[in-house]
Amino acid sequence: MTIRLYDTSARQIRDFAPLTPGCVSIYLCGATVQAAPHIGHIRSGLNFDIMRRWFAHRGYDVTFVRNVTDIDDKIIKKAGEQHRPWWSIGYENERAFNDAYSALGCLPPTYEPRATGHITEMVEMMRGLIERGHAYEAEGNVYFDVRSLPGYLSLSNQDLDDLRQPEGEGETGKRDPRDFAMWKAARPGEPSWETPWGRGRPGWHLECSAMAHKYLGREFDIHGGGIDLIFPHHENEIAQAKGFGDAFARYWVHNAWVTMSGEKMSKSLGNSVLVSEMVKQWRPIVLRYYLGTPHYRSTIEYSEESLREAESAFARIEGFVQRVTELAGGAVEPAAEVPPAFAEAMDDDLGVPQALAVVHTTVRQGNSALAADDKEAAVARLAEVRAMLDVLGLDPLAPHWAGENDRGEELHGVVDDLVRLVLDQREAARARKDWPTADAIRDRLGESGLVIEDSPQGPRWSLGSR
């Protein structure tokens with residue numbers, strides 16, 4: 001089956017046809033590094049990490065570009081508030097983003113360009129746009145003339161006459177208030193670079209058009225980002241690129257928000273949940289499960305209850321992986337292919353919820369095989385489960401999670417010894433037919449978050465929900 005994706009520009013799900021057979025090129029709008037990331041920021045990185053993994057599983061050679069916006073109004077404002085150099089704030093938060101991506105198991109991008117490293121490319125693009133009649137200089141600023149490009153606003157499906165273009169400070173000399181800034185004239189105390197139109201700094205939209213052109217050429221396959229970027233950012237990226245003569249992105253893919261109380265998670269609203277704090281409270285692999293397994297176009301309403309549900313659901317998968325690994329006497333390699341139902345779900349607009357249902361069904365089949373002492377079937381199901389989890393970045397036996405697993409194994413050994421002491425007491429109570437005591441011990445362990453299973457080989461324990 002062909003991979004199919006919801007294309008925002010077409011407003012429908014389309015068959016994916018790569019520009020170059022066997023290859024896929026993806027540009028993802030990455031971090032604006034004015035502050036450390038919350039889980040709403042990282043969701044986009046996770047969603048497109050899963051997309052990238054699925055393309056790779058399907059045999060594509062993937063080029064994945066995720067930029068860093070290290071200069072913009074917000075970063076300059078933070079620098080003034082904190083009395084720090086703008087580049088210090090940007091670099092500190094860029095590292096925080098990379099730490100968050102890594103903690104949650106995102107593969108590193110093929111290229112991760114910084115905006116400030118591509119001023120030359122931005123000047124070249126502005127010069128070309130001015131020559132083609134799509135842009136103009138005014139008082140040291142350079143603006144894009146939105147009326148010069150037929151089809152402007154086709155991505156967001158707006159009416160130009162009703163357009164209200166977001167505007168920053170110092171944007172003087174516009175011919176039309178709907179025109180947007182590509183370059184902003186230098187202001188006292190702000191960072192600036194020399195151009196043919198005087199010193200200044202880039203506008204947000206210009207940065208991505210120039211970097212996409214440099215790393216992926218005049219046309220590429222997929223441009224991604226959050227739904228809040230459709231306008232003005234992506235709309236204005238398209239205008240600049242097409243005005244410059246590029247075909248630009250063939251597909252536009254957007255992920256939905258993480259919300260709290262129905263509002264987009266945002267630092268400005270004071271309702272953000274920093275990744276650096278979340279990974280202290282929750283295992284990173286559980287946080288990845290929580291953020292990565294809803295459909296990318298579905299809003300996630302944040303709550304601790306839903307995180308606990310994710311923790312419990314992943315524990316069932318992980319428990320199966322651990323039990324069969326122990327039974328097999330070592331790691332079982334992932335299957336070469338995922339089950340057809342999983343592949344069908346992933347091919348259909350990255351249907352992760354449906355694909356995850358296949359994972360849980362396979363786990364149940366594996367547990368049934370364990371209960372029936374069918375080692376061969378249990379091992380086969382584990383191989384399938386590991387192949388599926390690898391696509392989702394959730395295989396607990398994968399090298400990325402090895403450090404977490406090592407610490408967990410040490411703790412597991414200690415807890416196992418303690419639980420065994422209690423279970424021996426329970427078995428002694430059962431032997432003397434002291435059922436109330438035996439049941440009380442089991443219930444108390446359950447209240448502690450442990451699930452006790454009585455099997456022909458004796459009692460087993462596993463972690464349940466908190």
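For the pair R53 and D49, the salt-bridge criterion is met [side-chain N within less than 4.0 Å of a carboxylate O]. Between E311 and R308, no side-chain nitrogen of the basic residue sits less than 4.0 Å from a carboxylate oxygen of the acidic one, so the salt-bridge criterion is not met. Remark: R201 does not engage D72 in a salt bridge, criterion side-chain N to carboxylate O under 4.0 Å. Taking a cutoff of 4.0 Å between a charged side-chain nitrogen and a carboxylate oxygen, R187 and E190 qualify as a salt bridge. Between D176 and R178 a salt bridge is recorded (basic side-chain N to carboxylate O distance below 4.0 Å).
Between the side chains of T32 and Q34, no donor-acceptor pair is found at a separation under 3.5 Å. Residues D347 and W54 have side chains that bring a donor and an acceptor to within less than 3.5 angstrom of each other. Y215 and N67 share no side-chain donor-acceptor pair at under 3.5 Å. Between the side chains of D246 and H213, at least one donor N or O sits under 3.5 Å from an acceptor N or O. Between T2 and D15, the side chains place no donor N or O within less than 3.5 Å of an acceptor N or O (distance only, hydrogens not considered).
The six-membered or imidazole ring of F55 lies near that of F16, with a centre-to-centre distance under 6.0 Å. Remark: aromatic rings of Y143 and F180 are distant, center separation not under 6.0 Å. When ring centroids are compared, H234 and H254 come within the 6.0 Å threshold.
Between L155 and W252, some side-chain heavy-atom pair lies under the 4.5 Å cut-off. At least one side-chain heavy atom of V123 sits under 4.5 Å from a side-chain heavy atom of P196. Looking at R52 and L107, their side chains come closer than 4.5 Å, going by heavy atoms from C-beta outward. E171 is not listed as a side-chain neighbour of D179, based on a closest heavy-atom distance of 4.5 Å or more.
Under the 3.5 Å distance criterion, the side-chain polar atoms of S209 are matched with a main-chain donor or acceptor of E237. A donor-acceptor pair is defined here as one N or O able to donate and one able to accept, closer than 3.5 Å; such a pair exists between the side chain of D395 and the backbone of L397. With hydrogens and angles ignored, the 3.5 Å screen pairs a side-chain donor or acceptor of D70 with a backbone N or O of T116. Judged by distance alone, with hydrogens and angles left aside, the side-chain atoms of N93 form a donor-acceptor pair with the main-chain N or O of A36 at under 3.5 Å. A donor-acceptor pair under 3.5 Å is absent between the side-chain atoms of S312 and the main chain of E309, judged by distance alone. Checked by atom type and distance alone, the side chain of E235 pairs as donor or acceptor with a backbone atom of S156 at under 3.5 Å. Under the 3.5 Å distance criterion, the side-chain polar atoms of T325 are matched with a main-chain donor or acceptor of V321.
Judged by a 6.0 Å distance limit and a 45° cone about the ring axis, R250 is not positioned over the six-membered ring of F220.
Partner of R364 under the side chain to side chain donor-acceptor pair (under 3.5 Å) criterion, out of T361, T362, N367: T361 alone.
At most 12 heavy atoms of other shown residues, nucleotides or ligands fall within 6.0 angstrom of atom OH in Y111.
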